[in-house]
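Count residues from 1 along the sequence. Atoms considered below: every heavy atom in the structure, side chains included; atoms not considered: hydrogens, waters and symmetry mates.
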Amino acid sequence: MAVLLRFKCIFFSITLISFICQTHCLQPVMTENNEKEKHALLLFKQSFREDCNQSLNTAVSYPKLKFWGSGKEYGGHDHCTWEGVECDEADSHVVELDLSNSCLYGTFPSDSTIFSLTHLKKLKLGNNHFNFSKIPHRIGRLSKLDVLNLSYSAFAGQIPIEISTLSNLSTLDLSQTVEDEYHSLKLYNPSLDILVRDMTKLTQLCLSFVDMSSTVPSSLSNLTSLRRVSFEQSDLYGSFPSSFFLLPKLEEVNLRGNEDLEGQLPEFEQNSQLKVLDLYYTSFSGKIPSSIGKLRFLDVLALSNCHFSGMLPLELGNLTQLSSLQLGRNDFTLVPSSITNLTFLHTLDLSNINLDGKILIPWLFRLKSLTDLRLRRTGFINGTIPSFLANLTRLTTLDLSENQLTGSFPTWFPSLRNLEYLHLGVNQLEGPISQGISEMHKLRALYLTGNSGLFGDFGMFLGYKHLKVLTLHSLNITFPSTLATNSSHVLESLDLSACNLTKIPDILWNLTELIVLSLRANNLEGNILTDFKKPLDVIPWPRMKLFNLANNKLKGPLPIPSTTMFAYYASGNLFSGTIPAGVCNARSLYILDLSFNNFTGTIPSCITHQLSDSMAILNLQGNSLRGVIPQTYRKFCKLKMINLSQNKLRGKLPTSLANCKRLEVFDIGANSVSDRFPSWLGSLQRLQVLVLRQNNFSGKIPNRVTGFPRLRIIDLSNNSFTGSLPCGYFENWYGMKATDENHPSQSKLRYTVRFNITDNYLFPPLEYNYSVTVTIKGSTMQYRKILDVFRLVDFSSNCLTGTIPNSIGYLSGLQALNLSYNSLWGRIPPCLSSIHDLQSLDLSRNKLSGSIPQELTQLTSLETFNASQNLLTGEIPTGRQFNTFDNTSFGGNVGLCGVPLSKSCNTENNTVVLEPVTGEDDEQGSNLIDWIVRTLGCASGIVVGFVIGKYFVTDKHDEWFMETFGRRKKPTNTARRAPPFV
């Protein structure tokens with residue numbers, strides 16, 4: 001008993017000593033740690049100033065740190081009670097720091113004391129302004145982080161690789177809204193794949209407006225816990241894995257604005273949790289699967305401005321929870337009647353779809369909650385503005401453009417008093433503008449483009465307090481001489497294209513908030529720099545992002561773009577001198593179009609070196625630029641189109657062009673470039689147009705079996721290529737095989753300017769369409785979107801020999817084939833009949849022999865055929881298209897007979913009766929000289945042949961596309977052509 005009592009005493013003593021140690025010995029340690037954390041927070045506060053005007057969302061922002069360390073009512077010295085700070089109850093370590101919307105402004109210190117809070121599990125710094133600081137590498141010290149939110153806080157530069165080590169993250173949000181490309185947040189190294197590879201616990205991954213410039217890794221589909229993914233406008237490209245949409249917990253997918261991102265929708269499963277599916281302005285294609293009706297929780301379906309096609313499935317009507325349905329600007333053929341089941345819609349976009357008005361108008365009449373309605377080019381709305389809209393009084397957005405609307409604004413129109421965005425462009429409205437909109441005081445954007453019957457005074461628009469976007473293209477507008485004292489000056493986008501202006505109205509110089517200004521296709525004359533109140537070199541609108549001066553008569557030196565510029569159009573003017581190196585100060589320049597001016601000198605090397613990681617479109621066509629093509633294209637080159645044609649450039653092609661992985665169009669026609677065939681360009685998987693015509697290229701075209709998989713137009717004409725036709729390439733040019741435009745290899749050539757502004761309707765993506773001029777049988781035509789349609793192979797006017805290989809028949813999608821002015825021999829292969837879409841075929845001025853295959857009559861689309869000046873024999877095929885060709889298609893073949901030639905065939909003896917040739921002696925003589933000269937050129941050598949051929953062979957046309965089907969002659973001069981449509 002005594003032993004037991006002694007044991008209890010010892011146990012009690014030990015417990016008491018332990019308690020005393022915990023309360024008196026360890027307390028100083030805990031206090032010391034807490035003091036360090038409190039001190040770290042106070043130093044963090046001192047790193048910034050509080051400026052709520054810099055916050056993205058000023059409505060919810062307030063200075064949370066203002067009272068840190070103040071009196072007892074604000075927590076006093078207990079930092080765990082400060083606003084935005086959460087501590088662990090057990091040891092008082094800071095575990096959560098929520099400083100979102102705290103009005104913080106200033107540069108984020110690389111050694112910030114916040115990184116000493118190593119027990120942090122949640123760090124939220126969203127919606128502040130850190131002045132385009134880099135995210136510090138020391139963030140990797142916060143290894144316990146579960147939530148990291150740095151969204152919309154003006155971070156810039158490369159995302160540190162240390163973030164990829166935070167494997168406990170369930171939420172990662174680095175989304176930004178950037179002012180320009182130069183200040184963007186980038187994800188190059190680490191790549192997206194490396195960043196998330198070990199983050200297996202991720203439920204939210206948001207990287208909107210982060211420049212990733214990469215493909216989407218398949219490993220993304222392994223993150224089975226993901227609920228929300230947002231990659232809006234993140235410069236993703238390539239193929240998106242369709243399996244990703246089948247992740248079991250996925251609720252929201254936002255891929256909006258990645259125009260180069262391709263993919264197709266999968267067959268959805270019944271247990272899908274998807275609520276938001278936003279693919280707006282991507283290159284997704286194919287049909288909408290009927291299984292989309294299984295997405296019973298779907299709230300937002302945004303598929304506008306993609307490449308979807310076919311009939312919309314009847315099951316679309318099963319999505320009765322939809323509040324937003326956006327299907328516009330695709331190739332859908334019909335909207336099913338089941339769509340009338342969707343009665344909770346707030347947003348509806350059915351633009352460019354064949355609609356049945358008898359079904360839809362009663363349904364639209366019932367959608368009283370609609371706030372956003374877009375019915376551009378629907379086909380069922382015409383005549384006057386439809387009266388059923390008067391009942392939709394909650395509308396804030398209304399788009400009725402391109403519907404052949406007539407008359408004036410209806411008397412009930414002002415009842416739509418909530419309208420903020422009104423788009424009535426490309427209709428036939430008439431009358432005074434003020435009649436319909438004078439009471440719409442909430443207007444933020446007004447589009448009246450192309451209604452030539454509308455007229456008004458520009459001064460009326462300056463009285464609107466909220467009006468930021470105004471397009472008056474092709475309208476009759478008068479301008480006041482001065483601004484009224486009560487004018488708002490808030491206009492940010494103004495389109496005055498084709499308004500018959502002869503000078504820039506003085507009132508525009510005072511609109512200092514302008515971001516977009518288009519003065520295209522007016523009659524502006526003189527020197528824009530000297531017309532301003534005082535001489536200047538730089539465009540005088542400091543916020544300008546898009547400036548369009550195309551198709552005027554402006555002269556003098558080029559105005560230097562502002563540093564904020566995204567798109568600069570100055571084509572079709574009389575600007576002269578050298579291209580100023582100052583254009584490279586616009587570090588976010590996306591489009592630079594200076595085509596068809598009088599620029600001389602060399603291309604500034606800074607354009608390709610400094611701007612190739614932001615620029616997508618470079619068009620310098622039709623000037624007098626000399627020197628070599630700049631040699632340096634950066635590793636992350638984003639160029640999609642390069643047009644340097646019709647200049648005086650020389651030297652070799654820069655091999656660093658291989659860094660431009662997104663290049664789709666490369667045109668250097670009509671220069672003096674001397675090089676071999678650039679087979680190394682075959683590694684560019686997206687290249688669709690390659691134009692090398694009328695240069696000094698020589699040597700053999702390699703007979704490769706790989707390369708150029710998406711090529712649809714290749715023009716090598718008027719060079720000195722030798723050897724045989726590249727049959728290996730023909731077998732693998734997949735872009736010329738498919739005829740279906742929705743095939744993944746046939747993505748349309750669409751270039752857009754994006755402003756990285758949250759209001760996409762105020763500043764929608766602007767398309768840049770690459771145009772070409774086509775000469776067909778002497779008629780010159782200009783096509784804005786010809787590259788969406790045509791597939792061409794033009795190897796004419798070279799020194800090619802050998803036979804036409806059967807593999808050329810693999811190019812079943814070709815519409816134009818020109819092999820004229822070479823030394824090809826052998827027979828015309830019957831396999832050409834398998835090119836079902838062929839519209840133009842020119843085989844003239846070769847050494848082809850044998851008969852014309854009867855199989856060619858199967859080419860029912862053939863409009864132009866030329867086999868003249870060869871060694872062909874036998875009877876000319878008859879039937880179908882061959883009955884429409886005249887004798888110029890067959891002349892110069894002494895062995896040919898039959899209609900339409902004046903040589904009949906003696907079928908009994910299988911002999912040809914030759915009749916005297918009259919009326920064509922001069923033409924035949926000229927043709928013979930041309931043929932001899934070209935033959936001598938090939939035999940004597942590349943240089944001699946090229947010079948002599950250039951002397952004898954002339955033509956008034958200087959087109960790079962389809963210079964076919966008649967005499968093919970080498971131009972001796974470069975005529976000034978009309979600039980492309982902008």
Side-chain angles (χ1 to χ4, degrees), residues 775-779 796-797 803-804 816-830 832-833 835 838-935 952-957 962-970:
T775 301
I776 301 177
K777 300 181 73 172
S779 299
S796 63
S797 300
T803 62
I804 300 175
L817 175 62
N818 192 345
L819 302 176
S820 63
Y821 284 90
N822 281 289
S823 297
L824 300 174
W825 48 270
R827 295 180 176 271
I828 299 175
L832 289 173
S833 63
I835 308 177
L838 200 60
Q839 299 174 14
S840 302
L841 177 60
D842 192 345
L843 305 175
S844 63
R845 298 188 177 276
N846 280 286
K847 300 177 182 179
L848 299 174
S849 59
S851 61
I852 299 175
Q854 181 68 32
E855 290 88 343
L856 297 188
T857 60
Q858 300 173 18
L859 298 174
T860 56
S861 298
L862 199 62
E863 298 178 3
T864 308
F865 177 73
N866 193 345
S868 63
Q869 306 301 322
N870 277 288
L871 305 174
L872 299 172
T873 59
E875 185 174 3
I876 296 173
T878 58
R880 296 179 178 175
Q881 299 301 106
F882 268 74
N883 291 342
T884 66
F885 304 142
D886 58 26
N887 58 355
T888 60
S889 296
F890 308 100
N893 291 281
V894 294
L896 280 182
C897 61
V899 178
L901 297 179
S902 57
K903 308 166 189 172
S904 61
C905 298
N906 186 339
T907 56
E908 292 182 1
N909 300 323
N910 266 340
T911 59
V912 179
V913 179
L914 301 180
E915 298 183 3
V917 178
T918 60
E920 295 184 352
D921 291 351
D922 293 340
E923 176 69 13
Q924 294 282 355
S926 175
N927 290 343
L928 180 60
I929 292 174
D930 285 345
W931 183 84
I932 292 173
V933 169
R934 297 298 295 184
T935 303
F952 279 96
V953 185
T954 64
D955 190 2
K956 63 180 179 179
H957 297 295
M962 293 178 68
E963 294 184 41
T964 56
F965 327 123
R967 294 181 62 201
R968 181 58 181 265
K969 305 172 184 179
K970 180 109 173 181

Checklist line | Ser833: side-chain hydrogen bond (donor to acceptor under 3.5 Å, both in side chains) partners, not counting sequence neighbours | finding: none
Smallest separation among heavy atoms of [X] and [Y], with atom names:
X      : Y      : value
Ser796 : Asn822 : CA-ND2, 3.8 Å
Pro900 : Ile876 : CD-CD1, 4.1 Å
Arg827 : Gly850 : NH1-CA, 3.3 Å
Gly898 : Cys905 : N-SG, 3.6 Å

Got [X] and [Y] here, is their nearest side-chain heavy-atom distance under 4.5 Å?
X      : Y      : answer
Trp825 : Leu848 : no
Thr878 : Asn883 : yes
Pro829 : Thr803 : no

Atom [atom1] in [X], atom [atom2] in [Y]: separation rounded to 0.5 Å?
X      : Y      : atom1 : atom2 : result
Asp886 : Asn866 : CG    : CG    : 9.5 Å
Ile835 : Ser861 : CD1   : OG    : 12.0 Å
Leu862 : Leu817 : CG    : CG    : 10.5 Å
Phe885 : Glu863 : CZ    : CD    : 9.0 Å
Leu838 : Thr864 : CG    : OG1   : 10.0 Å
Gln881 : Leu856 : CD    : CG    : 12.0 Å

Check: Can you tell me if Ser820 uses its side chain to pair, donor with acceptor, with the backbone of Asp842 under 3.5 Å?
Finding: no
Margin query: For the backbone of Asn870 and the side chain of Asn893, can you confirm whether one donor and one acceptor N or O come within less than 3.5 Å of each other?
Written below: yes
Next item on the list: Let me know which of Leu896, Leu843, Thr873 forms a side-chain contact (heavy atoms from CB on, under 4.5 Å) with Ile852.
Entry: Leu896
